[in-house]
Protein chains: 2
Amino acid sequence: MNKSRWDEIIAVSARLFREKGYRATTMDDIACELNVTKPALYYYIKTKHDLLYAICKSAIERLMEGMKSIMAEQDDIEEQLRRLISWHVNMFSERGDVITVYLAEESELPEEERGFIRSQSRDYEALYRQLLERGIEEGRFRDLDVPMVVRAISGMCNWLFAWYRQDGASTADEIAEIFFDLMMKGCISR
Amino acid sequence: MNKSRWDEIIAVSARLFREKGYRATTMDDIACELNVTKPALYYYIKTKHDLLYAICKSAIERLMEGMKSIMAEQDDIEEQLRRLISWHVNMFSERGDVITVYLAEESELPEEERGFIRSQSRDYEALYRQLLERGIEEGRFRDLDVPMVVRAISGMCNWLFAWYRQDGASTADEIAEIFFDLMMKGCISR
DNA sequence: TCGTGTTTACTTAACGTTCAGTAGGTATAA
DNA sequence: TTATACCTACTGAACGTTAAGTAAACACGA
């Protein structure tokens, strides 16, 4: 089975799932965009869910990869957080379709197939919590409600799926910098 | 037409749309939950979209109401922001189904019906920006990228739709207080 | 280099189910 | 007798998936 063809199918599916939603996108839509007939898709996949699963897997794995390498190659806790936010935000410019579909449609996956995706998400959050806890221990961060702050930060970043545009006024790096600055220093003047 | 019956239909629809998704919920599902047959629903509504529209409208109108009355009855800018975040977060405990469906499924509305909802959302964001700008003018907030900070705050709050549970460890008020504190003072110790 | 079998990458045609919406009727209460 | 609030039974279209077939490329022994 042709590897680049598979990548193409995933890319097209992700784009259409993002534009129209998973349920609203038909196999005919995807096939048409690939200039083949619907049954040709079934030469590459078993079910429609396989497409969604592959997309979600790719998104969460890429998030994880980035987090792991940032935590490995950088000691300074504040710099780690900066790069983490930057990585997260940059996902929307570099893999916009994939991460958007992951965030918006993951719940459409049948229960059996969600296990791996879910566990990866939990690992991702756990690493985030570790980072904040280390920051508090080191005295760099104040005494925070760690799980809640992780949800705040990842919520702020995840919500990009609802408004981020490649051609928007700010680049991903600019957005990331503003978010990081806000999370570090807050709104209050002093 | 019976008003309380209508409310009941909206409440049941919102709950099912939240649990299973808009597309995945059938009119039979809704009717069954109401102990009637499907055509009985069509005595009250014209199309399935009407249900989604009513839910989204109810959510955004309630958000707006709250914002307007908070801005009217409170002068202190910091206190306004505190109450705004609290109002937003409390929507998830008081109208969890409605606001979750609004956030997750608004995009399923056909283009013609989205106009009003969209314009309300824009007004909501515009008021938020005004608030922050006033805070900066008054010297209470530092010099912020206002549109981006609004997206950060509303993203943080909106993302509750993905994780908030009525029976979770923290109450809505507790969550709101942590979010507000984080947005005001940031993570850094000083 | 020719012939034969196999694999790849599709096609046409259809099946079976799901589901929004409808036609037309009925029971009850005012 | 009229309006309200349903019901049974159905239609028609959409859509995931499959069956069965094929054209072209490739592998390989004679």
Side-chain angles (χ1 to χ4, degrees), chain A residues 1-57 101 104-114, chain B residues 1-57 97 101 104-114 117:
Chain A
M1 146 138 61
N2 192 326
K3 169 72 160 63
S4 74
R5 194 71 174 135
W6 170 255
D7 290 344
E8 208 184 335
I9 291 172
I10 294 303
V12 165
S13 302
R15 201 184 78 235
L16 292 178
F17 289 168
R18 179 191 193 167
E19 285 167 9
K20 313 173 57 160
Y22 171 69
R23 294 243 175 194
T25 304
T26 69
M27 297 305 273
D28 273 323
D29 291 336
I30 298 169
C32 176
E33 203 79 354
L34 289 161
N35 295 310
V36 292
T37 59
K38 185 167 54 167
L41 283 181
Y42 285 89
Y43 175 75
Y44 295 95
I45 56 159
K46 282 231 311 283
T47 69
K48 190 185 182 187
H49 286 133
D50 288 357
L51 293 172
L52 183 55
Y53 181 79
I55 292 164
C56 292
K57 186 160 174 275
V101 170
E105 311 279 5
E106 185 256 359
S107 61
E108 292 284 350
L109 279 175
E111 209 54 53
E112 322 89 69
E113 299 178 23
R114 286 170 82 175
Chain B
M1 147 140 56
N2 192 325
K3 171 71 160 64
S4 75
R5 193 72 174 135
W6 171 256
D7 289 346
E8 209 184 335
I9 291 172
I10 294 303
V12 165
S13 302
R15 202 184 76 236
L16 292 178
F17 288 168
R18 179 190 194 169
E19 284 168 8
K20 313 172 58 161
Y22 171 69
R23 293 241 175 196
T25 303
T26 69
M27 297 305 273
D28 276 321
D29 290 337
I30 298 168
C32 175
E33 204 78 355
L34 289 161
N35 296 309
V36 294
T37 59
K38 183 168 54 166
L41 280 182
Y42 283 89
Y43 175 75
Y44 295 95
I45 57 158
K46 282 230 312 281
T47 69
K48 190 184 180 186
H49 286 133
D50 288 357
L51 292 172
L52 183 55
Y53 181 78
I55 290 165
C56 291
K57 186 159 174 276
D97 295 339
V101 170
E105 310 278 6
E106 185 258 1
S107 61
E108 291 285 349
L109 278 175
E111 211 54 52
E112 322 88 69
E113 299 177 24
R114 285 169 83 175
I117 310 285

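Note on naming: letters A, B, ... go to the chains in the order of the sequence lines (proteins, then strands), and numbering restarts at 1 for each one.
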Whole angstroms only, please: what is the [atom1]-[atom2] distance between [X] and [N]?
X	N	atom1	atom2	value
L51(B)	dG21(C)	CG	C1'	13 Å
L34(B)	dC6(D)	CG	P	9 Å
L41(B)	dA20(C)	CG	P	10 Å

With side chains defined as the heavy atoms from C-beta onward, is the minimum distance between [X] and [Y] less than 4.5 Å?
X	Y	answer
R23(B)	Y22(A)	no
K48(A)	S13(A)	no
F17(B)	I30(B)	yes
R114(A)	S107(A)	yes
T26(A)	K38(A)	no

>> Generate the contact string for nucleotides 13-23 of chain D. Rules: B means base contact, S means sugar-phosphate contact only, - means no protein heavy atom under 4.0 Å.
In response: --SBBBB----
> What one-letter contact string describes nucleotides 25-30 of chain C from 5' to 3', where B marks a base within less than 4.0 Å of any protein heavy atom, S marks contact via sugar-phosphate atoms alone, and - marks no contact?
Replying inline: ------
> Out of dA5(D), dC7(D), dA9(C), which has the shortest distance to the side chain of Y43(B)?
Replying inline: dA5(D)
> Any idea which of dC7(D), dT11(C), dC6(D) is nearest the A40(A) side chain?
Replying inline: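 Within the option list, the nearest is dT11(C).
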Is there a side-chain polar atom (N or O) of [X] under 4.0 Å from OP1 or OP2 of [N]?
X	N	answer
R5(A)	dC10(C)	yes
T37(A)	dC10(C)	no
Y44(B)	dC6(D)	yes

> Bend angle of the helix from dT1(C)-dA30(D) to dA30(C)-dT1(D) from five-pair axes at both ends, rounded to 10°?
Replying inline: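 Computed angle between terminal axes is 0°.
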> side-chain contact (heavy atoms from CB on, under 4.5 Å) between R5(B) and L34(B): does it pass, once the steps are laid out?
Replying inline: CA-CA 10 Å; R5(B) 193 72 174 135; L34(B) 289 161; 4.1 Å; yes
> Between the main-chain N or O of T25(A) and the side-chain N or O of D29(A), is there a donor-acceptor pair closer than 3.5 Å?
Replying inline: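 Such a contact is absent between D29(A) side chain and T25(A) backbone.
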> Would Y43(B) and V36(B) count as a side-chain contact (heavy atoms from CB on, under 4.5 Å) if you check the C-alpha gap in whole Å, the side-chain angles of each, and the deciding distance to 0.1 Å?
Replying inline: CA-CA 11 Å; Y43(B) 175 75; V36(B) 294; over 6 Å; no
> Roughly how far, to the nearest 0.5 Å, is the CG atom of D50(B) from the CD1 atom of I9(B)?
Replying inline: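 Answer for the CD1-CG pair, I9(B) versus D50(B), is 11.0 Å.
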>> As an exercise, state the distance from CD1 of I45(A) to CG of L52(A), rounded to the nearest 0.5 Å.
In response: 11.0 Å
> Do the charged groups of E33(A) and R15(A) touch, with an N to O distance under 4.0 Å?
Replying inline: yes
